[in-house]
Visitor: 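Let me give you the structure first, and then I'll get to my questions.
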Amino acid sequence: MGGVEPSGVEPSGVEPSGDEPSGDGSADGAAQPLRSGDEAINQAETRAVESGSRERNVPTWDDLPLPADTANLRLGADLHPGLLALLPLVGVWRGEGEGHDPESGADYHFAQQIVVSHDGQNFLSWESRSWVIDDDATFVRPDLRESGFWRIGEDDTIELLLSHAEGSIELFYGAPLNQTTWELATDVVIKAESGLRTGGGKRLYGLVADGDLAYVEERVDADGDLVPRLSAKLRRHVG
């Protein structure tokens, strides 16, 4: 694969607004005792009940002859068995993060919603919207928007195809680092004639100890260096 190659090194620079996902699944990168699968499931169930996310789902159209998308593993179609390595991602996630604008060189705060859903087929649907906020978390203006699909092969190779409202299409490849951490890097970036220039990128996603989803994104700048672009920590809203 060309572009920015995946590696075992965690993205550096910008850190998530909270705990950064680490290769061992811990929140702070230090060695932590592994929880049993039953313990993790019980803790996730408790959080879902306390937050109310257990009963929520994404809006659906009830007049289409198609299985409805669901972002709640308790509702709707069964998850395709080929997606089990991506199962923890399914849900609606909301939170805040830090960004760096490559055009202006300025840092900024943003809020974000990510919807990861499925309809029983062998892919996950992905939709992300973010908006700039001020120091008081007040809305300032819309920011980034992307949509696409996650797939995973029999050899655990992850494929993430994304289209960006700013005028580009990307294909990421990657792999799970463990059951709750995934690292990806771009293989192809195609810019529309009217789109904004963007370099290759690298993303690291992970569920941290409190069940939140944290991620870091780095991008190749005009000098060919991999520099911080986005990081955030998002709490489960659905699922």
Side-chain angles (χ1 to χ4, degrees), residues 1-23 29 89 93 95-114 116 126-135 137 139-151 157-177 181-206 213-234:
M1 293 183 288
V4 181
E5 291 296 325
S7 71
V9 180
E10 293 181 15
S12 59
V14 176
E15 295 182 352
S17 53
D19 299 323
E20 179 174 343
S22 62
L89 287 173
W93 306 88
E96 298 179 4
E98 305 293 326
H100 178 78
D101 185 347
E103 300 294 320
S104 67
D107 296 331
Y108 64 95
H109 303 294
F110 67 88
Q112 184 175 27
Q113 174 177 279
I114 295 176
V116 187
W126 173 272
E127 181 180 357
S128 171
R129 302 184 71 176
S130 63
W131 52 100
V132 178
I133 57 176
D134 61 20
D135 291 340
F139 173 84
V140 176
R141 64 179 183 276
D143 191 29
L144 304 175
R145 186 168 184 173
E146 65 185 33
S147 61
F149 301 95
W150 290 67
R151 304 174 67 89
T157 297
I158 298 171
E159 302 168 352
L160 174 59
L161 179 63
L162 292 179
S163 59
H164 300 268
E166 295 71 36
S168 64
I169 297 173
E170 298 180 314
L171 176 60
F172 287 79
Y173 285 105
L177 298 183
T181 309
W182 307 267
E183 186 177 49
L184 308 100
T186 51
D187 182 63
V188 176
V189 180
I190 302 174
K191 185 185 79 67
E193 183 176 352
S194 63
L196 298 177
R197 179 194 175 278
T198 181
K202 181 177 179 180
R203 293 184 179 184
L204 176 66
Y205 292 94
L213 176 65
Y215 75 86
V216 177
E217 176 185 295
E218 293 182 319
R219 287 280 169 183
V220 175
D221 65 9
D223 297 324
D225 298 322
L226 199 60
V227 298
R229 176 67 178 93
L230 301 168
S231 67
K233 187 168 183 280
L234 313 173

Visitor: Got a second to check how far L162's CG is from E170's CD, nearest 0.5 Å?
Guide: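 Reported to 0.5 Å precision, the distance equals 6.0 Å.
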Visitor: For D223, is there any backbone N or O sitting under 3.5 Å from a side-chain donor or acceptor partner on D221?
Guide: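 Checked: pair present.
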Visitor: Say you draw a straight line from CD of E166 to CG of L196; how long is it, rounded to the nearest 0.5 Å?
Guide: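 These two atoms lie 6.5 Å from each other.
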Visitor: Locate the shortest heavy-atom distance separating Y108 from D101; write the atom from each residue and the value.
Guide: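 The pair with the smallest heavy-atom distance is CE2-N, 3.9 Å.
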Visitor: Main chain of E146, side chain of S128: is a donor-acceptor contact present, judged purely on distance under 3.5 Å?
Guide: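 Here the side-chain-to-backbone pair does not exist.
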Visitor: Is K202 salt-bridged to E183, cutoff N-O under 4.0 Å?
Guide: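 Salt bridge present between K202 and E183.
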Visitor: Which heavy-atom pair separates A222 from R197 by the least distance, and what is that distance?
Guide: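 What the structure gives for the nearest pair is CA-NH2, 3.8 Å.
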Visitor: Considering all heavy atoms of both residues, which atom of E96 and which atom of A137 are nearest to each other, and what is their separation?
Guide: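 It is OE2-CB, 3.8 Å.
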Visitor: Just verifying a value: how many Å separate S163 OG and F149 CZ, rounded to the nearest 0.5 Å?
Guide: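 Output value for this atom pair is 8.0 Å.
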Visitor: State the CD1-NE2 distance between I169 and H164, to the nearest 0.5 angstrom.
Guide: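 Interatomic distance, I169 CD1 to H164 NE2, rounded to 0.5 Å: 9.0 Å.
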Visitor: Report yes or no: does R229 contribute a side-chain atom to a donor-acceptor pair with the main-chain N or O of H100 at less than 3.5 Å?
Guide: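 Looks like yes, one N/O pair under 3.5 Å.
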Visitor: Check whether R219 reaches the backbone of G199 with its side chain - one donor and one acceptor, N or O, closer than 3.5 Å.
Guide: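 At least one qualifying donor-acceptor pair exists.
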Visitor: Which heavy atom of G99 sits nearest to which heavy atom of L230, and what is that distance?
Guide: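 That would be CA-CD2, 4.0 Å.
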Visitor: Measuring only between side-chain heavy atoms, which start at C-beta, is W131 closer than 4.5 Å to R141?
Guide: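 They are not in contact (no side-chain heavy atoms under 4.5 Å apart), so the answer is no.
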Visitor: Side chains of L89 and W182: closer than 4.5 Å at any heavy-atom pair?
Guide: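 Answer yes - side chains close enough.
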Visitor: Could you give me the CA-CA distance, side-chain angles and deciding distance for E98 and H109, then say whether side chain to side chain contact (heavy atoms under 4.5 Å, CB included) is met?
Guide: CA-CA 5 Å; E98 305 293 326; H109 303 294; 2.8 Å; yes
Visitor: Are any of the side-chain heavy atoms of I158 and F172 separated by less than 4.5 Å?
Guide: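 No - every pair of side-chain heavy atoms lies 4.5 Å or more apart.
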Visitor: Working note: L177 + L204, criterion side chain to side chain contact (heavy atoms under 4.5 Å, CB included); need CA distance, chi angles, decisive distance, verdict.
Guide: CA-CA 10 Å; L177 298 183; L204 176 66; 3.8 Å; yes
Visitor: With side chain to side chain contact (heavy atoms under 4.5 Å, CB included) as the test, would you mind laying out the steps for V220 and T186 before giving the verdict?
Guide: CA-CA 10 Å; V220 175; T186 51; over 6 Å; no
Visitor: Is a side-chain donor or acceptor of T181 paired with a backbone partner of G206 at a separation under 3.5 angstrom?
Guide: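 No; judged by distance alone, with no hydrogens or angles, the pair does not exist.
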Visitor: Nearest heavy-atom pair of K191 and E193: which atoms, and what distance?
Guide: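 So the two residues come closest at NZ-O, 3.6 Å.
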Visitor: With rounding to the nearest 0.5 angstrom, report the CG to CG distance, L160 to L171.
Guide: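 Nearest 0.5 Å value for the CG-CG distance: 8.0 Å.
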Visitor: When rounded to the nearest 0.5 angstrom, what distance separates CG in D187 from CG in L161?
Guide: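 The CG atom of L161 is 11.5 Å from CG of D187, to the nearest 0.5 Å.
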Visitor: Determine whether the aromatic ring centres of Y205 and W150 lie less than 6.0 Å apart.
Guide: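 Yes: the rings meet the under 6.0 Å criterion.
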